[in-house]
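First the structure, in the form of structure tokens, and then the observations on it.
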Protein chains: 2
Amino acid sequence: MPKFTQANSCNTCPYKDYALTKLQTNDVDLIQNSCLIVNFKKGENVCKQGTEVTHALYLAKGSVKLYIEGKNKNLILKIITQSKYIGLQSLFGDRVYQYTITTLEDSQICMINANIILDLAKKNVNYLFELTRNISEATNFVYKKIIDINQKQLRGRLADVLLHFSENVFRSDTFELKLTRKELAEYSAMSMENTVRILNEYKKDGIIGIEGKVFTIKQPEILRKVAELG
Amino acid sequence: MPKFTQANSCNTCPYKDYALTKLQTNDVDLIQNSCLIVNFKKGENVCKQGTEVTHALYLAKGSVKLYIEGKNKNLILKIITQSKYIGLQSLFGDRVYQYTITTLEDSQICMINANIILDLAKKNVNYLFELTRNISEATNFVYKKIIDINQKQLRGRLADVLLHFSENVFRSDTFELKLTRKELAEYSAMSMENTVRILNEYKKDGIIGIEGKVFTIKQPEILRKVAELG
DNA sequence: TTATAACATTGATGCATATCAATGTTTTGT
DNA sequence: ACAAAACATTGATATGCATCAATGTTATAA
């Protein structure tokens with residue numbers, strides 16, 4: 001499989017973003033002409049904290065983690081799955097990535113020249129409006145993340161994270177998490193050892209089931225109570 | 001002083017936001033007609049976490065704290081001073097406030113019907129573009145906040161906060177902080193007692209001077225080193 | 001103008017959580 | 001197929017920080 005492909009069918013792409021429906025066909029063509037579909041293998045960096053933003057990133061297929069790199073530890077802010085823009089606010093703000101994005105599995109990322117997107121946004125208000133909604137939702141999500149980190153302690157945080165995956169991401173009681181324990185820890189803002197400890201605690205208590213990377217939420221009410229109480 | 005005033009001179013307002021310059025005069029009039037200037041006394045809530053977003057909020061004069069209310073403690077995300085929109089992302093996202101905003105001194109807030117702003121944004125792409133930039137910057141700021149909370153410990157966080165006020169907010173070595181020790185603690189994500197302790201530690205070491213609410217940064221290099229090392 | 005509450009300060013104590021350590025298990029690359 | 005590295009697990013230890021407590025100080029309201 002080649003590393004790059006020139007996009008050639010954005011208008012009919014099955015992974016197309018809703019915001020694109022707000023554009024005229026020939027404007028989508030503009031994006032298409034500047035759009036490179038890049039194949040990333042699992043574990044590759046899509047963008048790197050501290051570098052300049054030159055492209056808009058659209059996750060067509062696969063999944064990625066968006067995280068802040070610290071001196072000792074990383075903090076995963078969100079897991080993003082297919083058909084989503086990633087890190088739009090970096091286009092309109094500083095133009096410097098505040099975070100690193102790494103693929104969790106083999107993924108396809110559409111990379112579109114940042115200025116093309118900005119120009120289209122400046123011309124097409126409905127398109128920009130969708131992007132803005134997108135950014136706003138992302139901001140709200142980060143706010144919730146901050147609350148978790150600041151207000152809850154380990155057990156509550158982990159309960160929250162498990163419920164979030166079950167209810168918002170996979171929409172199922174059983175799901176396979178493409179994260180290592182270390183990554184799950186970085187997502188929950190705690191040490192890897194404590195993540196393992198508490199997971200097995202929940203398992204022993206029959207609240208969840210664990211089979212490698214497959215999690216089963218057995219008693220969501222109890223988990224919700226733990227998340228509630230912190 | 002009356003509690004409410006109907007706006008009548010937005011086009012010539014000295015506290016006018018830059019985004020407004022992107023609008024036609026008659027569009028500014030639309031905002032003006034729907035704009036109530038509300039006088040808040042120190043300590044009053046401008047909006048409340050969990051309630052519906054019905055208005056765009058513009059801080060014409062004064063200062064406010066934007067914070068997340070938790071069960072035990074609050075977390076102040078930012079201090080906002082005059083001539084700034086506050087919480088724009090709530091207009092485009094959930095339409096529910098994720099935070100509470102309270103005045104730190106007597107302040108004037110312009111309240112404009114949310115739908116008027118949204119309609120104007122949908123009609124005027126340059127205006128929306130400015131708002132989007134605004135939201136994106138706010139998001140980046142929160143990212144930095146998360147890093148601080150997650151990666152640094154008390155001394156580093158407080159050093160960061162003091163430098164931030166000195167360099168970004170007041171742009172002076174000496175500044176008067178309109179925050180109580182408790183609020184400074186909530187801004188730095190730590191307990192009030194430890195805030196006091198560390199402040200006096202810095203004072204004893206000659207790194208800063210404290211005279212009530214007036215702070216003097218005496219040795220910014222050392223403070224920066226502490227912030228750096230965490 | 002006095003009473004009451006909010007604010008500020010300092011020391012002592014306890015606990016949540018990270019870190020260290022040891023060991024087994026699973027990937028990954030060659 | 002094998003070695004090396006990353007991952008996972010569990011227990012023991014250390015510590016950063018919140019919490020509690022006591023007391024003084026400054027606002028605020030009746």
Side-chain angles (χ1 to χ4, degrees), chain A residues 41-44 65 70-76 102-106 148-159 161 176-204 208-215 226 229-230, chain B residues 41-44 65 70-76 102 104-106 148-159 161 176-205 208-215 226 229-230:
Chain A
K41 278 194 290 219
K42 178 182 174 181
E44 287 189 293
K65 56 176 174 178
K71 272 197 300 293
N72 321 306
K73 52 185 170 185
N74 299 329
L75 177 68
I76 299 179
T102 304
T103 51
L104 292 169
E105 60 186 311
D106 294 0
D148 281 359
I149 294 178
N150 188 249
Q151 309 271 353
K152 291 176 181 170
Q153 47 200 56
L154 300 193
R155 270 152 258 271
R157 286 216 292 280
L158 199 52
V161 166
E176 188 190 345
L177 243 198
K178 288 187 195 359
L179 296 177
T180 65
R181 296 292 187 264
K182 180 148 175 285
E183 286 170 326
L184 183 54
E186 285 172 355
Y187 187 72
S188 311
M190 63 181 73
S191 73
M192 188 244 264
E193 292 91 332
N194 279 330
T195 305
V196 172
R197 254 186 277 271
I198 296 170
L199 280 179
N200 290 329
E201 210 176 287
Y202 288 160
K203 185 184 181 183
K204 212 167 282 168
I208 65 172
I210 313 176
E211 214 62 61
K213 291 195 189 308
V214 178
F215 292 80
V226 174
L229 298 173
Chain B
K41 278 193 291 220
K42 178 183 173 179
E44 286 188 293
K65 57 176 173 175
K71 272 197 299 292
N72 320 308
K73 51 185 169 185
N74 299 328
L75 177 68
I76 299 179
T102 304
L104 292 169
E105 59 187 311
D106 294 0
D148 282 358
I149 295 178
N150 187 249
Q151 310 270 354
K152 292 175 180 169
Q153 47 200 57
L154 299 194
R155 269 153 258 272
R157 286 216 292 281
L158 199 52
V161 165
E176 190 191 343
L177 244 198
K178 287 188 197 353
L179 296 176
T180 65
R181 296 293 188 263
K182 181 148 175 283
E183 286 170 326
L184 183 55
E186 286 172 355
Y187 187 73
S188 312
M190 62 182 72
S191 74
M192 188 244 264
E193 292 91 332
N194 279 331
T195 304
V196 172
R197 253 186 279 272
I198 296 170
L199 280 179
N200 289 331
E201 210 177 287
Y202 289 160
K203 184 184 182 183
K204 212 167 284 168
D205 295 346
I208 64 172
I210 312 176
E211 215 59 62
K213 292 196 188 307
V214 179
F215 293 80
V226 174
L229 298 173

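Atoms considered below: every heavy atom in the structure, side chains included; atoms not considered: hydrogens, waters and symmetry mates. Chain A is the first sequence line, chain B the second, and so forth, proteins listed ahead of strands; every chain is numbered from 1.
- Contact check on A:Lys65 versus A:Glu183 returns a salt bridge, with a Lys/Arg side-chain nitrogen under 4.0 Å from an Asp/Glu carboxylate oxygen.
- The CE-C1' distance, from A:Met192 to D:dA6, rounds to 9 Å in whole Å.
- Following rounding to the nearest Å, A:Leu104 (CG) and D:dC7 (P) show an atom-to-atom distance of 12 Å.
- Of the possible donor and acceptor atoms, none in the side chain of B:Ser188 sits under 3.5 Å from a partner among the backbone N and O of B:Leu158.
- Side-chain atoms of B:Tyr202 and B:Val226, non-hydrogen and from C-beta on, do get closer than 4.5 Å to each other.
- If you measure from atom NZ of B:Lys71 to atom P of D:dT19, you get 13 Å, rounded to the nearest angstrom.
- Among the heavy atoms of the strands lying under 4.0 Å from A:Met190 are primed sugar atoms or P, OP1, OP2 only; no base atom is included.
- Of the residues in residues 194-202 of chain B, those placing a heavy atom less than 4.0 Å from an atom of DNA chain C are B:Val196, B:Arg197, B:Asn200, in numerical order.
- Taking CD of A:Glu105 as the reference point, atom NZ of A:Lys41 lies at 15.0 Å (rounded to 0.5 Å).
- In this model, a side-chain donor or acceptor of B:Glu193 finds a partner on the base of D:dC20 within 3.5 Å.
- Residue A:Lys204 places its NZ atom among 12 or fewer non-hydrogen atoms of other residues, nucleotides or ligands, all under 6.0 Å distant.
- Using a 4.0 Å cut-off on heavy atoms, none of the residues of residues 176-187 of chain A approach DNA chain C.
- Not a single donor-acceptor pair under 3.5 Å links the side chain of A:Tyr187 to the backbone N or O of A:Lys182.
- Atom CZ of A:Arg157 is separated from atom P of C:dA16 by 13 Å (rounded to the nearest Å).
- Taking the side chain as every heavy atom from C-beta outward, B:Lys73 and A:Gln151 approach each other to under 4.5 Å.
- Between B:Arg197 and B:Glu193, no side-chain nitrogen of the basic residue sits less than 4.0 Å from a carboxylate oxygen of the acidic one, so the salt-bridge criterion is not met.
- One axis for each end of the helix from C:dT1-D:dA30 to C:dT30-D:dA1, each built from five base pairs, and the angle between them comes to 60° at 10° resolution.
- Residue contacts for A:Lys213: at a heavy-atom cut-off of 4.0 Å it reaches the sugar-phosphate backbone alone, with no base atom in range.
- Annotation: side chain of A:Leu199 is in contact with side chain of A:Leu184 (closest heavy-atom distance under 4.5 Å).
- Side-chain atoms of B:Arg157 come within 3.5 Å of backbone atoms of B:Lys152 as a donor-acceptor pair (strictly under, hydrogens ignored).
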